[in-house]
Amino acid sequence: MSGYDHAEVREFWQYVWEQEDVYTLPADATDPTYVLGMFPYTSGELHMGHVRNYAITDAYARYRRMCGDDVLHPMGWDAFGLPAENAAFERNTDPERWTRACIERMREELESLGFGYDWSREITTCDPAYYRWNQWLFVRLYEAGLVEYTAATVNWCPDCETVLADAQVAEGRLCWRCESPVERRELDQWFFTITDYAEELHEGLDGLSGWPEGVREIQRNWIGRQEGAEISFELPDGEVEVFSARPDTVYGATFLALSPGHELVGELTDDDRALADAVDALREGRPGEAGYDGVDTGLSATHPLTGEKLPVYVAPYVLEDVGTGAVMGVPGHNERDHAFAREHGLPVVGVVEPAAGGGDDGGAGPGTPGANADGTTGTDPGTPGVDADEGTEADSGTPGTDAEGTTETDDTVLPYTGEGRLIDSGEYTDFDSEEARERLLAEVEAIEPTTIYRLRDWLISRQRYWGTPIPIVHCPDCGRVPVPESELPVELPEFVKTTGNPLDAAEEWKRATCPECGGPAVRETDTMDTFVDSSWYFLRFLSPGLAEAPFDPELAAEWLPVDLYVGGDEHATLHLLYLRFFTKALADLGLLDRREPVDRLLSQGRVLYDGEKMSTSRGNVVAPQEYGAETTRLFVLSAAHPTRDFEWTANDVRAAYDLQQELYETVVSFVDAVERDRGTWRLVDRDGSAPRDEYVAREVDRTVAVVTEEFERFRYHRAFAEIRELARLLRRYREHGTVDRGVCRRAVGDLARLVAPMAPHLAEELWNRLDGEGLVVEADWPEPETVGRPRAERRLLERTREDVREIVDVVEIEDPTRIELVVAPAWKHRIAELARGSGDVRAALPTAEVDAPAAAVDAFVAELAERGSDPAPLDGEGELAVLSRGGWLLEAEFDAEVEVRRGVEGEELAETARPGKPAIHIG
RNA sequence: GCGCGGGUAGCCAAGCGGUCAACGGCGCAGCGCUUAGGACGCUGUCUCAUAGGAGUCCGCAGGUUCGAAUCCUGUCCCGCGCACCA
């Protein structure tokens with residue numbers, strides 16, 4: 001039809017934007033709004049997830065810019081990484097050339113989608129100018145004691161031929177990238193000691209109110225903070241520390257269990273062949289599948305409170321890297337300890353019983369803990385009484401009740417893992433769990449408060465070529481020595497095709513001189529995890545060309561935090577945790593004054609195709625030829641709230657396309673009417689004086705107000721619907737009769753600006769045809785002239801129209817010629833208002849001045865009381881105005897004369913009118 | 001098992017203390033339109049109802065409130081995270 005050539009329009013405006021340099025942050029910007037999307041990995045093609053991510057950030061950036069903000073909206077490339085190496089290997093090229101080609105393709109794609117980036121700030125992590133700062137930062141962290149070099153048992157992916165961080169191991173055993181089963185290897189490796197920040201990383205989450213709860217929760221889980229106590233048990237020759245989250249159960253400890261990897265076990269097996277063999281046998285099984293095997297070491301430990309001797313076992317159910325790698329076995333109050341004790345015939349002692357009358361502890365059955373049942377039954381009078389409800393719960397919650405016989409009461413009540421009141425616990429007997437814990441921690445020397453974390457240090461070594469060389473030389477005399485700043489960057493040698501690590505093969509490159517003693521030394525051949533690159537890239541964007549430092553601390557102080565960061569949940573434990581860690585570490589180095597990098601985080605949903613995540617093999621159609629790239633971005637914004645998943649459907653894509661066509665046709669035909677006085681718009685100049693002019697003008701205001709609100713909340717799908725509604729109304733308006741030139745001009749001009757953040761090429765074209773001032777990118781966001789109560793006003797009109805239809809339908813009025821709408825008299829609104837304010841209308845009544853017969857008032861009050869107070873969002877004048885302006889819609893629909901007026905007391909119609917519900921008469 | 005997020009009319013989905021029988025889209029149905037034509041516009045789409053009425057309804061069951069899709073409690077189902085984690 002209209003000849004909207006999206007390809008041509010796109011090309012033209014991109015050219016103009018480039019010429020006008022519209023996306024470059026002005027040099028004199030002060031505290032710009034910093035909008036950031038995910039750092040794209042240079043795979044060579046965008047997928048739907050990218051499009052969605054960048055459509056959201058771009059729409060927000062454009063919106064803020066139109067609102068008058070300076071906006072920092074940069075883009076760059078996460079360009080290091082194993083896939084490039086593999087691609088180069090397969091194609092007989094090198095990773096650099098391959099990566100550069102990918103970047104070119106991706107930049108073009110981003111541009112075709114109309115994303116407005118400040119390309120003058122483009123950064124690429126595989127540039128030595130970038131990665132030298134990785135090295136610089138590494139050295140600074142090293143000096144600050146945040147880097148460790150240790151032998152460790154690490155995750156090794158045989159397929160990628162490199163080690164992996166804990167966070168990169170999926171389901172505890174698969175490589176996150178290639179899904180190969182991960183192996184364990186003993187290697188000397190580099191670590192960032194992120195655990196030094198475990199407490200702050202955890203605590204800081206509470207303050208991140210701009211982050212989705214889901215992401216915060218994932219991080220909490222990952223950090224795995226656990227408060228408890230470290231308890232020491234004396235051994236004949238030394239002592240052993242165990243961690244417990246329930247020190248209140250300490251009197252129930254009947255054995256100790258050490259993990260097979262525990263230091264002490266190593267010592268014991270050194271001079272006990274038989275024990276060594278037994279422990280080896282235990283280690284055969286995979287951790288997690290070992291069951292409750294165990295061997296008695298023959299040692300006995302002294303209970304710090306009772307002085308009793310407890311046997312010490314080696315048991316694989318105790319994990320080496322949790323807590324201290326040793327536990328006190330409390331079979332009475334811990335499921336696993338219980339299972340172990342049963343297996344090995346160890347005593348089970350109950351020292352905590354459910355608080356009397358409580359029963360709200362959950363997780364365990366009622367009743368009296370076993371060992372000393374007789375003596376304590378009396379203290380739990382609630383037990384017999386709560387049988388109905390609690391009994392069934394206990395049955396399902398306590399396995400083993402159906403074991404033969406009931407002689408072993410232990411089975412029915414222990415382990416009891418809830419909290420409660422202590423029994424048989426020496427001087428702590430009768431305290432409740434919490435108080436007992438506090439006292440034990442404070443009073444017993446062998447029990448010290450401790451907090452443990454699940455979080456491990458960040459393994460950053462990678463045995464691969466395409467990454468940042470770790471700036472260390474190994475000197476036979478001085479050991480590991482950091483490369484001095486003046487010699488940075490340590491650049492990558494030329495790529496060679498080899499099966500192992502190409503850096504290992506680069507003999508000449510490896511040869512170095514020790515910075516300390518000047519003697520011959522060897523370069524470190526590991527490179528850094530690429531997550532290091534992305535841990536601080538948001539800082540490099542502040543001053544991308546800076547040669548003296550990774551970033552300008554003054555700018556950072558002024559411009560941070562990132563105001564809006566959009567990304568996917570899949571980065572919650574990797575990237576987003578590292579980002580926070582780096583920020584804190586850099587703050588401690590004195591380079592930053594902020595300790596959190598991102599103010600508002602938006603976690604985008606997935607794009608699904610047939611219920612699965614969209615990917616190259618799953619219908620990944622970034623730029624449908626037919627509709628143009630802009631349709632794609634408009635579609636992903638219109639389809640759903642940004643945080644929710646949605647299904648890609650051809651229908652919704654077409655809806656996005658249709659709106660573009662609709663807007664284009666509207667503007668083109670309007671301009672045609674203005675300039676050549678032809679087409680479907682019958683323009684007149686009457687200063688918007690006809691009621692329907694006012695109606696449309698108000699509707700424009702309402703749309704502007706609502707769309708603005710929706711943009712503030714990132715609800716682009718709602719904004720899209722609003723824009724479509726207004727376009728539709730405009731069409732109805734012009735089809736109904738003559739239209740006011742000024743009203744129309746404002747409507748189309750606002751439409752162009754409202755759609756600009758979502759469909760910038762189209763908007764630019766519309767704006768231009770309308771002779772808008774300058775470019776729409778730089779235009780002012782429209783403001784409503786009169787705000788009113790948009791939603792309430794629409795509601796009233798819509799409801800009234802529905803009522804008219806209903807009456808016409810129910811009464812079967814053939815051809816209505818006259819429709820009267822009578823708004824309730826003032827006193828009814830007054831009373832309704834009073835009723836809203838207080839529960840008792842009659843009590844409030846005397847203060848009101850009501851110009852109506854008492855009987856009518858009483859009747860109305862009674863009616864209100866019966867219905868419950870009936871809030872009317874608009875006052876009488878408001879209703880009158882709304883209905884007057886909207887009357888033409890009824891005229892158009894029924895081809896009848898419409899009269900709107902205020903009800904007068906005594907008039908029959910006024911009696912039936914209520915606030916919010918005008919009386920209707922149809923003739 | 002623990003935690004987080006969800007369950008709204010045929011489907012998708014908005015609403016999150018009061019004009020809520022519940023916006024919007026898709027699908028479906030009726031009407032209009034001589035044209036934006038693989039359209040477009042209007043109307044309808046829980047049940048009953050001859051003047052705008054009544055009933056039922058927002059996973060299920062209770063509760064708070066003058067009033068609940070909206071708040072609280074319990075429960076079931078789905079998605080995600082963590083987990084022989086002490």
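Chain letters run A, B, ... following the sequence lines, proteins first and then strands; every chain starts at 1.
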Considering only atom [atom1], compute the distance from [N] to [M] and round it to an integer number of Å.
N	M	atom1	value
B/C78	B/U8	P	14 Å
B/A22	B/A29	P	25 Å
B/C23	B/A9	C1'	14 Å
B/U70	B/A21	P	14 Å
B/C57	B/C46	C1'	8 Å
B/G7	B/A61	C1'	16 Å
B/U64	B/A69	P	16 Å
B/G67	B/U56	P	16 Å

When both hydrogen-bonding distances must be under 3.5 Å and the geometry is Watson-Crick or G-U wobble, what is [N] paired with, if anything?
N	result
B/C40	B/G32
B/G1	B/C82
B/G52	none
B/C11	B/G25
B/U73	B/A61

(message) From C-beta outward on A/Tyr292, which listed nucleotide comes closest to its side chain: B/U43, B/C84, B/A86?
(response)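 When the side chain of A/Tyr292 is considered, B/C84 is the closest of B/U43, B/C84, B/A86.
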Might you list the N or O atoms of the protein lying below 3.5 Å from N or O atoms in nucleotides 49-59 of chain B, with each pair's distance?
| from | atom 1 | to | atom 2 | distance (Å) |
| --- | --- | --- | --- | --- |
| B/A51 | N6 | A/Ile922 | O | 2.8 |
| B/A51 | N1 | A/Ile922 | N | 2.9 |
| B/G52 | O2' | A/Asp803 | OD1 | 3.1 |
| B/G52 | O6 | A/Ile920 | N | 3.0 |
| B/G52 | N1 | A/Pro918 | O | 2.8 |
| B/G52 | N2 | A/Asp803 | OD2 | 3.1 |
| B/G52 | N2 | A/Pro918 | O | 2.9 |

Mind listing the N/O atom pairs, protein and nucleotides 3-8 of chain B, below 3.5 Å?
| from | atom 1 | to | atom 2 | distance (Å) |
| --- | --- | --- | --- | --- |
| B/G3 | O2' | A/Glu217 | OE2 | 2.6 |

Once side chain to side chain contact (heavy atoms under 4.5 Å, CB included) is applied, do any residues pair with [X], and if so which ones, sequence neighbours excluded?
X	value
A/Glu712	A/Tyr63, A/Arg64
A/Leu208	A/Leu205, A/Trp211, A/Arg216, A/Arg580, A/Glu596
A/Glu709	A/Arg713, A/Arg791
A/Arg225	A/Glu199, A/His202, A/Glu227, A/Thr451, A/Tyr453

Value in whole Å for how far the [atom2] atom of [N] lies from [atom1] of [X]:
X	N	atom1	atom2	result
A/Leu455	B/A83	CG	P	12 Å
A/Glu335	B/G1	CD	C1'	9 Å
A/Asp658	B/C40	CG	C1'	10 Å
A/His571	B/C80	NE2	P	18 Å
A/Arg732	B/C42	CZ	C1'	7 Å
A/Ile447	B/A86	CD1	P	18 Å
A/Arg225	B/C82	CZ	C1'	17 Å
A/Leu726	B/G41	CG	P	14 Å

(request) State, without any angle test, whether A/Asp293 and A/Tyr317 hold a side-chain donor-acceptor pair at a distance under 3.5 Å. (result)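 No pair is found: no donor N or O on one side chain lies under 3.5 Å from an acceptor on the other.
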(request) Examine the side chains of A/Arg769 and A/Tyr664 and answer whether a donor and an acceptor come within less than 3.5 Å of each other. (result)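 A/Arg769 vs A/Tyr664: donor-acceptor pair found between side chains.
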Give [X] one of three labels, base, sugar-phosphate or nothing, depending on what nucleic acid heavy atoms sit under 4.0 Å from its own.
X	answer
A/Gln226	sugar-phosphate
A/Arg805	sugar-phosphate
A/Glu722	nothing

Under 3.5 Å, N/O pairs linking protein and nucleotides 21-29 of chain B:
| from | atom 1 | to | atom 2 | distance (Å) |
| --- | --- | --- | --- | --- |
| B/A22 | OP1 | A/Arg799 | NH1 | 3.2 |
| B/C23 | O2 | A/Arg718 | NH1 | 3.1 |
| B/C23 | O2 | A/Arg718 | NH2 | 2.4 |
| B/G25 | OP1 | A/Arg728 | NH1 | 3.0 |
| B/C26 | O3' | A/Asn651 | ND2 | 3.2 |

(request) Identify, between A/Arg713 and A/Val327, the residue whose nearest nucleotide on RNA chain B lies closer to the 5' end. (result)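 Looking at the nearest nucleotide for each, A/Arg713 comes out on the 5' side.
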(request) Could you check A/Thr680 against A/Glu893 and say which one's nearest nucleotide on RNA chain B is further toward the 5' end? (result)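 This one resolves to A/Thr680.
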(message) Whether A/Arg801 contacts B/C42 is assessed here as follows: a side-chain N or O lying under 4.0 Å from the phosphate OP1 or OP2. Is that the case?
(response)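 Answer is no, no contact under 4.0 Å.
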(message) Check this one for me: any side-chain N or O of A/Arg220 less than 4.0 Å away from OP1 or OP2 of B/C82?
(response)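 For B/C82, neither OP1 nor OP2 has a side-chain N or O of A/Arg220 closer than 4.0 Å.
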(request) Check step by step if side-chain contact (heavy atoms from CB on, under 4.5 Å) holds for A/Arg805 and A/Phe894. (result) CA-CA 9 Å; A/Arg805 279 178 212 126; A/Phe894 293 100; 3.7 Å; yes
(request) Please confirm whether A/Phe635 and A/Tyr657 have ring centers closer than 6.0 angstrom. (result)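 No - the distance between ring centres of A/Phe635 and A/Tyr657 does not fall below the 6.0 Å cut-off.
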(message) So, using salt bridge (charged side-chain N to carboxylate O under 4.0 Å, His left out) as the criterion, who are the partners of A/Arg799 when residues are at least two apart?
(response)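 Partners of A/Arg799 by the salt bridge (charged side-chain N to carboxylate O under 4.0 Å, His left out) criterion, ordered by chain and then number, come out as A/Glu802.
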(message) Could you work out, with salt bridge (charged side-chain N to carboxylate O under 4.0 Å, His left out) as the rule, every residue matching A/Asp803, not counting sequence neighbours?
(response)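 Expected list: A/Lys917.
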(request) Side-chain contact test, heavy atoms from C-beta onward, threshold under 4.5 Å: evaluate it for A/Ile819 versus A/Val804 and give yes or no. (result)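 Contact flag for A/Ile819/A/Val804 side chains = yes.
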(message) Checking A/Gln660 now: which residues fulfil side-chain hydrogen bond (donor to acceptor under 3.5 Å, both in side chains) with it, not counting sequence neighbours?
(response)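 Listed in chain order: A/Thr631.
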(message) My understanding is that only residues two or more places apart in sequence, or in another chain, count here; which of them pass side-chain hydrogen bond (donor to acceptor under 3.5 Å, both in side chains) with A/Ser603?
(response)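 For A/Ser603, the residues satisfying side-chain hydrogen bond (donor to acceptor under 3.5 Å, both in side chains) (neighbours in sequence not counted) are A/Asp569.
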(message) Does anything in residues 716-726 of chain A form a side chain to side chain donor-acceptor pair (under 3.5 Å)? List the pairs, not counting sequence neighbours.
(response)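 Every pair satisfying side chain to side chain donor-acceptor pair (under 3.5 Å) with a residue in residues 716-726 of chain A: A/Glu722-A/Arg794.
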